[in-house]
Each structure stands twice: as C-alpha cells, then as structure tokens.
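One structure below.
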Amino acid sequence: MAIPELRIKDLHVSVEDKNIVKGFDLDVKGGEIHALMGPNGTGKSTVASAIMGHPKYQVTSGSVTLDGKNLLDMTVDERARAGLFLAMQYPSEVSGVTNADFLRTAINGKRGEGNEIPLMKFIKLMDKKMDLLEMDHHFAERYVNEGFSGGEKKRNEILQLLMLQPKFAILDEIDSGLDIDALKWVANGVNAMRSENFGCLIITHYQRLLNYIKPDKVHIMMNGRIVTTGGPELAVRLEKEGYDGLRKELGIKDDETVEA
Ligand SMILES: Nc1ncnc2c1ncn2[C@@H]1O[C@H](COP(=O)(O)OP(=O)(O)OP(=O)(O)O)[C@@H](O)[C@H]1O
Ligand SMILES: [Mg+2]
C-alpha cells in the first residue's frame with residue numbers, strides 16, 4: 001500500500017467574509033506527526049475546520065488533497081470515508097446517541113453495506129481501546145460527550161480516533177483540560193496509532209504534550225500562515241521565550257495589524 005499523503009497548498013479561508021487563513025502550506029505523509037502552534041486567533045482551528053469541510057469556513061483559494069484526491073470537492077462524510085479525522089477543539093455533544101452506537105454506525109459507514117463489523121468483534125475492540133485510554137467502560141453507554149467533563153471529552157475524541165483508524169488525523173488542542181495522568185493516556189493512544197499508514201497534525205499551545213508525542217516537525221502559525229518550521233526544539237524555545245522573540249526575529253507584526 002502506498003504511503004498516504006495530505007497536501008495543503010496556498011490555502012486561503014474566510015469566515016463571514018473576513019480573511020483568516022492567508023496562504024497556508026503543509027505536507028504531511030504517513031508515519032509523520034507534525035505539531036502546529038501559534039497565538040490565539042491566528043487561524044489554527046479555522047484550517048482544521050476548512051479541511052474537514054465545515055460549511056461556515058469558505059475556502060477562497062488553494063488546494064487540499066489526500067493521496068492526490070481533491071478533498072475540497074467532497075462532502076464531510078466523503079472526507080471521513082477518504083480517511084480524514086478531526087478531533088475538535090470543542091467536541092460536540094450528541095444527545096440520545098450512545099458512544100457505542102455512534103462508533104458502530106461510524107465504523108459501518110466506512111466499511112459499507114454488507115461488510116458491517118460483527119457485534120462481538122466491535123465490543124471487544126471497544127473494550128480494548130478503552131482499556132488503553134484507561135476509560136471506564138460505562139462511557140460506552142453514555143450519550144456522546146453529554147455531561148462529560150472537559151478532559152473526558154478529549155479522551156473520548158481519542159477513543160474515536162482509535163476505533164475509526166483514519167489515514168490522517170487533525171487533533172485540535174487534544175491536551176487542553178487533561179490532568180497529568182490523562183495526558184499520558186491520550187499520548188499513549190496517539191502513539192499507538194503511529195505507523196506508515198497514519199499521519200497526524202497536532203494543534204497545541206504547550207510543549208508539554210510534545211514530550212509524550214515526539215513530533216517530526218513543529219510549525220508556527222501567525223497571521224494566517226506558517227511562518228517558520230523546525231524540530232521539537234522550536235517548541236521548547238517558544239515555551240521559554242513566548243511568541244515575541246520569534247516575531248522580532250522574523251519581522252512579523254501582531255496578528256491584528258497585518259493584512260494579507
Ligand atoms: N465561526 C466563526 N465566526 C466568526 N469568527 C470566527 C469563526 N471561526 C473563527 N473565527 C475567527 O477567526 C479567527 C481565527 O480563529 P481560530 O479559532 O481559527 O483561531 P485559533 O488559532 O484556533 O485560536 P486558539 O488558539 O484560541 O484556539 C478568530 O479571530 C476568530 O474569532
Ligand atoms: Mg483553536
């Protein structure tokens with residue numbers, strides 16, 4: 001099987017007629033984990049939503065392809081079936097649908113009619129993945145994210161990741177709200193996905209997560225585009241210096257004052 005590849009080229013995205021993403025380029029291959037960092041409001045989640053096909057986020061130019069196929073032409077459902085997964089910064093609650101039913105429907109949607117996962121196999125798989133995340137099994141029968149604590153929601157996103165086994169995942173602030181132990185379990189979950197057949201973009205504010213999930217590359221986004229790329233040491237430096245040092249070095253003004 002060919003190694004999967006997600007390519008984002010010169011992406012421009014606007015929200016309610018305001019340009020937010022202004023020339024975003026990124027290439028992630030199977031086997032790689034990239035981190036995306038950047039100040040609040042710079043457009044990280046907007047990139048994620050646009051790639052996943054959220055109708056509010058308008059791609060005004062640029063391209064996004066998965067294994068050479070144009071994702072921007074696809075519905076959200078088709079993007080998921082093509083192998084894309086997004087763990088949202090603010091996961092939605094789905095009232096009246098249990099976690100188990102939600103996941104079984106999602107898995108079967110991907111497998112297609114006539115190829116549904118046998119119930120016992122599904123239950124075993126879900127038990128195994130919940131154990132990896134140290135999740136209480138009663139979460140299988142709770143409505144998706146309803147009444148979950150912030151950290152429980154994040155862990156549930158990683159449960160979905162492990163169950164759906166996508167080719168590519170974008171994990172938006174998956175570490176926010178996690179306690180020290182939960183951070184390790186979530187990292188275990190992501191690390192368990194590592195293979196040639198899986199690529200990942202982790203959006204985070206904190207270097208701490210990257211101690212547990214070693215990124216191949218760290219990208220810094222400001223003013224709607226990636227302004228510099230480095231290795232894990234770039235995240236360490238940011239943690240120490242904040243964004244100001246980098247802004248000065250690169251000659252970048254504040255997000256608010258720069259227009260594309
Ligand atoms: N649905 C929306 N309606 C109006 N404005 C939006 C919407 N989504 C994003 N924006 C605006 O776009 C800009 C970028 O937001 P985005 O959520 O992408 O930032 P971010 O880099 O993810 O920030 P954070 O680190 O705080 O999560 C912000 O100014 C935000 O207010
Ligand atoms: Mg965000």
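Just follow the structure's listing: the first ligand is 1, and inside any ligand the first atom is 1.
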> Would you say atom 31 (O) of ligand 1 touches the protein, meaning some protein heavy atom is under 4.0 Å from it?
Replying inline: no
>> Out of all atoms in ligand 1, which are within 4.0 Å of some heavy atom of E16? Include the element for each.
In response: 3 (N), 4 (C)
> Would you find more than 12 non-hydrogen atoms of other residues, nucleotides or ligands less than 6.0 Å from K214 atom NZ?
Replying inline: yes
>> With a 3.5 Å distance limit and no angle check, can you tell me whether Y243 reaches the backbone of G38 through a side-chain donor-acceptor pair?
In response: yes
>> Students should be able to answer this: which protein heavy-atom is nearest to atom 17 (O) of ligand 1, and at what distance?
In response: S45 CB, 3.6 Å
> So, N211 versus Q207: side-chain donor-acceptor pair below 3.5 Å or not?
Replying inline: yes
>> To 10 degrees, how wide is the angle OE1 (Q89) to the Mg ion (ligand 2) to OG (S45)?
In response: 80°
> Within less than 4.0 angstrom of ligand 1, does H205 place any heavy atom?
Replying inline: yes
>> So, 2.8 Å as the limit: is an N/O/S atom of N40 located closer than that to the Mg ion (ligand 2)?
In response: no
>> Taking I117's backbone N and O only, do any of them form a donor-acceptor pair with N108's side chain (distance below 3.5 Å, no angle check)?
In response: yes
>> Using modelled atom types and a 3.5 Å cut-off, is there a donor and acceptor pairing between side-chain atoms of D67 and backbone atoms of E5?
In response: yes
> Counting heavy atoms only, which of V15, N40, N19, I20 is nearest atom 11 (C) of ligand 1?
Replying inline: I20
> Any N/O of K44 closer than 3.5 Å to an N/O of ligand 1?
Replying inline: yes
> Which atoms of ligand 1 are found less than 4.0 Å from any heavy atom of Q89?
Replying inline: 27 (O)
>> Could you tell me, atom by atom, which parts of ligand 1 come under 4.0 Å of a heavy atom of T46?
In response: 9 (C), 14 (C), 15 (O), 16 (P), 18 (O)
> Got H137 and D131 here, is their nearest side-chain heavy-atom distance under 4.5 Å?
Replying inline: yes
> For atom 19 (O) of ligand 1, which of G224, G41, A50 has the closest heavy atom?
Replying inline: G41
> I226 versus L26: any side-chain heavy-atom pair under 4.5 Å?
Replying inline: yes
>> For F148 and F139, take the angle between the two ring planes, folded into 0 to 90°, and tell me which bin it lands in: parallel under 30, tilted 30 to 60, perpendicular over 60.
In response: perpendicular
> To which protein heavy atom is atom 1 (N) of ligand 1 closest, and what is the distance rounded to 0.1 Å?
Replying inline: Y57 OH, 3.4 Å
